[in-house]
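One structure is given below, encoded as structure tokens.
These values consider heavy atoms only, across backbone and side chains, with no hydrogens, waters or symmetry-generated copies. In listed order, ligands and their atoms are each counted from 1.
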Amino acid sequence: MNFNTGHAGKYHLLTYGCQMNVRDSEIIAGILDGMGYILTPTLKEADLVVFNTCSVRHSAENKVYGKLGEVTLLKRDNPDMLIAVGGCMAQLANVRARLKKQKVDIVFGTNNLHELPHLINQAKNIPGPVVQVYDREGDIVEHLPSRRDSNLSAFVNIMYGCNNFCSYCIVPFTRGRERSRMPADIITEIRNLAEQGFKEVTLLGQNVNSYGRGLQKPADFADLLNLVNEIEGIERIRFTTSHPRDMTDKLIDAIAVQPKVCEHIHVAMQSGSNHILKRMNRGYTREHYLERTQRIREMISGAAITTDIIVGFPGESESDFQDTMDMVNKIRFDAAFTFMYSVRTGTTAATMDDQVPLDIRRERLISLNKLQYSIAREINKSLEGTIQEVLVEGLSKTDKDKLTSRTRTNRIVIFSGPRDLIGRLISVKITEAKTFSLFGEIM
Ligand code: SAM
Ligand code: SF4
């Protein structure tokens with residue numbers, strides 16, 4: 001699609017939330033570049049400020065409101081500045097009502113990215129907010145432009161939306177029903193990336209394990225991994241997120257067999273208590289989760305298993321929480337994203353009357369993190385002295401004299417070496433391990 005309307009001004013893009021949003025922001029940036037806008041890292045310079053928002057937890061929404069306050073103050077000195085708010089918050093009617101009061105010029109939904117040029121032109125010409133949010137997901141729009149910051153590693157959507165309706169989660173309301181891209185469209189996109197020199201792709205979906213449901217020509221995620229593995233130039237394939245309920249043997253085998261598919265599986269557990277898993281509507285038991293993770297470890301040598309865990313879900317007793325701690329001890333996750341339950345209006349869990357007090361949720365999060373960090377540190381320590389294949393990603397953020405790289409199991413390794421290693425797969429020896437990163441030297 002060609003959106004070019006000549007030089008249009010400068011834009012500043014703020015992205016909150018998950019990889020899906022990062023990917024959407026790449027498309028938003030591609031569309032704005034195509035319109036002739038120029039990206040500025042300086043908020044004050046911007047003629048157009050775009051917020052790509054997240055509503056998965058209360059804290060994510062609060063961050064947006066805080067920043068929005070700052071930007072609306074800037075608009076007082078620069079009344080021609082346009083403020084656009086998109087992403088998951090824009091999908092929610094109660095949030096939209098608040099945004100309209102906050103002098104926002106454009107509100108656009110998660111399925112309306114391709115309409116941005118039209119919305120921006122409208123906002124320039126008419127007073128009051130321009131709002132375009134589809135209540136229901138439309139068809140998948142292919143061939144949108146993108147601006148990817150990296151030229152090495154790319155996010156690729158394989159599906160959109162979610163049908164799972166976990167009782168705490170707002171995503172099915174903000175992202176609509178699950179729909180998969182056609183394998184041919186995904187393969188073409190990845191082939192193009194390989195031609196541009198990209199070495200790694202991360203396939204994105206809320207539940208990649210259910211990829212392909214509803215496609216005219218049947219295909220599942222294992223089939224897709226097999227196809228992507230064939231693409232010349234791509235050296236590493238990652239994916240996120242896997243739902244434990246849909247983790248089939250066929251998929252575990254494909255990950256085990258295909259050489260480019262990295263041995264890292266992010267499989268969200270959420271809770272270790274059967275009582276809570278049921279109330280969360282997750283569709284599996286702790287026994288199922290244990291069995292699937294054991295199978296992964298048996299079939300995929302050296303696999304890293306990471307997870308998401310929520311503490312303080314409504315009705316979670318001390319004994320339910322101890323079940324979660326027990327699972328963490330048994331499975332020994334390589335890493336975990338841990339969250340305090342956050343009430344989301346419109347979800348089933350928000351109406352449950354046995355909400356856990358904030359101080360208890362906080363205490364449980366602290367105990368869980370303490371346990372998980374000690375496990376992660378122990379696992380990392382066991383890697384000292386080993387040799388790891390890493391993809392060199394760039395300069396270390398904390399020490400510009402060093403390089404940062406990633407193992408196949410998604411661990412960061414910092415080491416000294418010449419800049420021309422960036423973009424290459426090399427072997428490093430791990431010399432020191434910390435909780436969140438490793439240090440090494442070139443072999
Ligand atoms: N689709 C992914 C899955 O099921 O694995 C998760 C996507 S969601 C954006 C990321 C994580 O946010 C979830 O796995 C869950 O742990 C957490 N989350 C979602 N809703 C939450 C809520 N209301 N309170 C706290 N954490 C929440
Ligand atoms: Fe939310 Fe559950 Fe869907 Fe993940 S699978 S996005 S947690 S509803």
Give the numbers and elements of all ligand 1 atoms closer than 4.0 Å to a heavy atom of [X].
X      : result
Arg57  : 12 (O), 17 (C), 18 (N), 24 (N), 25 (C), 26 (N), 27 (C)
Arg282 : 4 (O)
Ala268 : 5 (O)

How does [X] reach ligand 1, if at all, at less than 4.0 Å between non-hydrogen atoms: by side chain, backbone, both, or neither?
X      : result
Val56  : both
Arg344 : side chain
Ser342 : both

Q.
Measuring from non-hydrogen atoms of Arg175 to any atom of ligand 2, is the shortest distance under 4.0 Å?
A.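 No; Arg175 lies far enough from ligand 2 that no heavy-atom distance drops under 4.0 Å.
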
Q: Give the ring-plane orientation class for His264 versus His266, where under 30° counts as parallel, over 60° as perpendicular and anything between as tilted.
A: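 Rings of His264 and His266: perpendicular, over 60°.
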
Q. So, is the end of the Arg279 side chain (NZ or CZ) under 6.0 Å from the ring centre of Phe313 and within 45° of the ring's axis?
A.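 No.
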
Using a 4.0 Å cut-off to any heavy atom of [X], which atoms of ligand 2 qualify?
X      : answer
Phe165 : 8 (S)
Pro172 : 8 (S)
Cys169 : 1 (Fe), 6 (S), 7 (S), 8 (S)

Q. At a 4.0 Å cut-off, with the gap strictly under it, does some heavy atom of Met340 reach an atom of ligand 1?
A.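 Heavy atoms of Met340 do come under 4.0 Å of ligand 1.
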
**Q.** Heavy-atom gap His243 to ligand 1 smaller than 4.0 Å
**A.**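 The answer is no, since His243 has no heavy atom less than 4.0 Å from ligand 1.
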
Q. Which is closest to atom 13 (C) of ligand 1 in terms of heavy atoms, Val208, Asn207, Asp308?
A.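 The residue whose heavy atom sits nearest atom 13 (C) of ligand 1 is Asp308.
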
Q: Answer yes when Lys250 and Asp223 have at least one side-chain N-carboxylate O distance shorter than 4.0 Å, and no when they do not.
A: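 Here Lys250 pairs with Asp223 in a salt bridge, since their nearest N and O are under 4.0 Å apart.
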
(Q) So, taking the atom named NE2 in His114 and the one named NE2 in His143, what distance separates them when rounded to the nearest 0.5 Å? (A)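 Separation between the atoms: 13.5 Å.
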
Got the closest protein heavy atom to [atom], with its distance?
atom                   : result
atom 7 (C) of ligand 1 : Gln206 OE1, 3.2 Å
atom 7 (S) of ligand 2 : Tyr168 OH, 3.4 Å
atom 8 (S) of ligand 2 : Cys166 N, 3.4 Å

Q. Can Ile186 and Tyr211 be said to form a side chain to side chain contact (heavy atoms under 4.5 Å, CB included), step by step?
A. CA-CA 12 Å; Ile186 298 169; Tyr211 171 79; 3.5 Å; yes

Q) Going by atom types only, do Asn157 and Glu189 share a side-chain donor-acceptor pair under 3.5 Å? A)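 Note: Asn157 and Glu189 side chains miss the donor-acceptor criterion.
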
Q: Kindly confirm whether atom 2 (Fe) of ligand 2 is within less than 2.8 Å of some N/O/S atom in Cys162?
A: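 Looking at Cys162, which is the residue asked about, there is no N, O or S atom under 2.8 Å from atom 2 (Fe) of ligand 2.
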
